[in-house]
Amino acid sequence: MKAAKSAFDVSVDAGITFFDTAEVYGSRASFGAINSETLLGRFVKERKEKDPGVEVAIATKFAALPWRLGRQSVITALKDSLGRLGVSSVELYQLHWPGIWGNEGYLDGLGDAVEQGLVKAVGVSNYSERRLREAHKKLQKRGIPLASNQVNYSLIYRAPEEKGVKSTCDELGITLIAYSPIAQGALTGKYTPENPPTGPRRQIYTPEFLTRLQPLLNRIKEIGEKYSKTNTQVVLNWLIAQDNVVPIPGAKNAEQAAEFAGALGWKLDNEEVAELRSLATEIRPVTGFPVENL
């Protein structure tokens, strides 16, 4: 908890004040010790007591669980989230994934949340191009913009580009929020064929895959040395260079938060952006979150 608080404070000090959470993060459903919303709310409160002028933008998410039906389920869950966060409204409320059923009711609930002043903007997560267009159209009828679509997007996982999600976001004025922007650490250079990750990640980032990844990682490192930046900062900057993209790496401690902040304030040139894309294209894409295909 102390490390997480340090990550929060270092981020705010660096001017990063947008924090994404969800009702299921750290909840009993995910075997967490403390709910992420509760923790974030505590951090924000303590920071405001120390610095009353600080503005923190909170984004959280509604879990589209099968037993949640209708628009009121969204409002009920949102009010529970607001209670855990200790705020009267949030900047962004998102549908965490497409529901098995009831999605129209969920979108109605998002619209109700805006009209009731409980949220400033609404978005979705893990939505395909088709679902994205449907959600945008439905909310548009009420005069409510669809602000964002949060999807898995990184230099080595570019399904949002390949499946039309990125271009649709650009067309409709929807911000693409990129989760797993450093590919669960694979793009940082900390894993090698001789030192692959442990646990479930090893099933994705195998020694064979990491061998194919090395030429890209080597070039990322060379470019980073030119700008005095780390691999992590280079690949985050690459995402920012795609325009209309907000990467949200997860900082576990102050050191990581400071490193992520170093991705801002400079820019890869167009040739470097294109070269990294070209090198990444030669690598078989990693597996993404399956709901993207619904």
Side-chain angles (χ1 to χ4, degrees), residues 14-16 18 129 148-171 173-197 201-202 204-251 255-289 292:
I16 297 173
F18 175 77
E129 177 189 359
S148 61
N149 184 22
Q150 186 175 145
V151 294
N152 187 347
Y153 185 30
S154 70
L155 181 57
I156 57 172
Y157 186 78
R158 299 180 308 284
E161 297 176 358
E162 297 155 2
K163 297 183 179 180
V165 170
K166 173 67 165 64
S167 60
T168 300
C169 284
D170 295 343
E171 173 193 341
I174 300 167
T175 299
L176 191 154
I177 300 175
Y179 70 76
S180 293
I182 55 177
Q184 298 178 305
L187 288 171
T188 67
K190 68 178 180 179
Y191 300 129
T192 66
E194 298 75 32
N195 181 41
R201 294 183 186 184
R202 186 169 186 143
I204 300 174
Y205 305 111
T206 63
E208 294 76 20
F209 177 85
L210 292 169
T211 298
R212 294 194 299 272
L213 192 61
Q214 289 311 299
L216 174 62
L217 293 179
N218 291 339
R219 185 57 184 139
I220 290 170
K221 183 178 180 181
E222 290 172 358
I223 292 173
E225 289 172 349
K226 170 185 172 182
Y227 294 98
S228 297
K229 297 294 180 180
T230 66
N231 279 30
T232 297
Q233 292 164 341
V234 170
V235 297
L236 289 175
N237 195 273
W238 183 90
L239 278 175
I240 295 169
Q242 306 312 305
D243 294 326
N244 193 36
V245 175
V246 177
I248 50 168
E255 290 74 20
Q256 289 182 350
E259 183 178 21
F260 296 156
L264 302 173
W266 63 285
K267 189 176 181 179
L268 293 166
D269 66 38
N270 293 336
E271 291 75 17
E272 290 162 342
V273 171
E275 181 186 5
L276 291 178
R277 176 186 295 278
S278 178
L279 286 170
T281 301
E282 300 175 9
I283 302 166
R284 176 182 57 81
V286 297
T287 304
F289 199 41
E292 294 171 6

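Any value given below was found using the heavy atoms of this structure, including those in side chains, with hydrogens, waters and symmetry copies removed.
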Minimal non-hydrogen separation, [X] against [Y], with atom names:
X	Y	value
Glu129	Thr168	CG-OG1, 3.1 Å
Pro196	Pro193	CD-O, 3.7 Å
Leu236	Ala263	CB-CB, 3.6 Å
Tyr205	Leu210	O-CD1, 3.7 Å
Ala178	Val245	CB-CG1, 4.1 Å
Gln256	Gly250	OE1-O, 3.7 Å

A side-chain contact here means heavy atoms from C-beta on lying under 4.5 Å apart; do [X] and [Y] qualify?
X	Y	value
Lys166	Val151	no
Leu264	Trp266	no
Glu272	Asn237	no
Glu161	Arg277	yes
Arg201	Tyr191	yes
Lys221	Glu225	yes

The criterion is side chain to side chain contact (heavy atoms under 4.5 Å, CB included); which residues satisfy it with Ala241, sequence neighbours excluded? Val273

Can you name the residues that form a side chain to side chain contact (heavy atoms under 4.5 Å, CB included) with Thr206, not counting sequence neighbours? Glu208, Phe209

Only one of Ile223, Asn218, Leu216 forms a side chain to side chain contact (heavy atoms under 4.5 Å, CB included) with Ile220, so which one is it?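 Running side chain to side chain contact (heavy atoms under 4.5 Å, CB included) over Ile223, Asn218, Leu216 with Ile220 returns exactly one hit, Leu216.
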
Would a distance-only check, ignoring hydrogens and angles, find a side-chain to backbone donor-acceptor pair under 3.5 Å from [X] to [Y]?
X	Y	result
Asn244	Ile174	yes
Asn149	Leu176	no
Gln233	Glu259	yes
Lys229	Gly262	yes

[atom1] of [X] to [atom2] of [Y]: how many Å apart, nearest 0.5 Å?
X	Y	atom1	atom2	result
Thr211	Glu194	OG1	CD	7.0 Å
Asn231	Leu155	CG	CG	10.5 Å
Ile177	Cys169	CD1	SG	9.5 Å

Tell me which donor-acceptor pairs under 3.5 Å the side chains of residues 180-188 have, and how far apart each pair is, sequence neighbours excluded?
unit_1: Thr188; atom_1: OG1; unit_2: Gly185; atom_2: O; d: 2.7
unit_1: Thr188; atom_1: OG1; unit_2: Lys190; atom_2: N; d: 3.2

Using the rule given for side-chain contact (heavy atoms from CB on, under 4.5 Å), can you reason through Leu268 versus Tyr227, listing the C-alpha separation, both sets of side-chain angles and the distance that settles it, and then say yes or no? CA-CA 9 Å; Leu268 293 166; Tyr227 294 98; 4.0 Å; yes

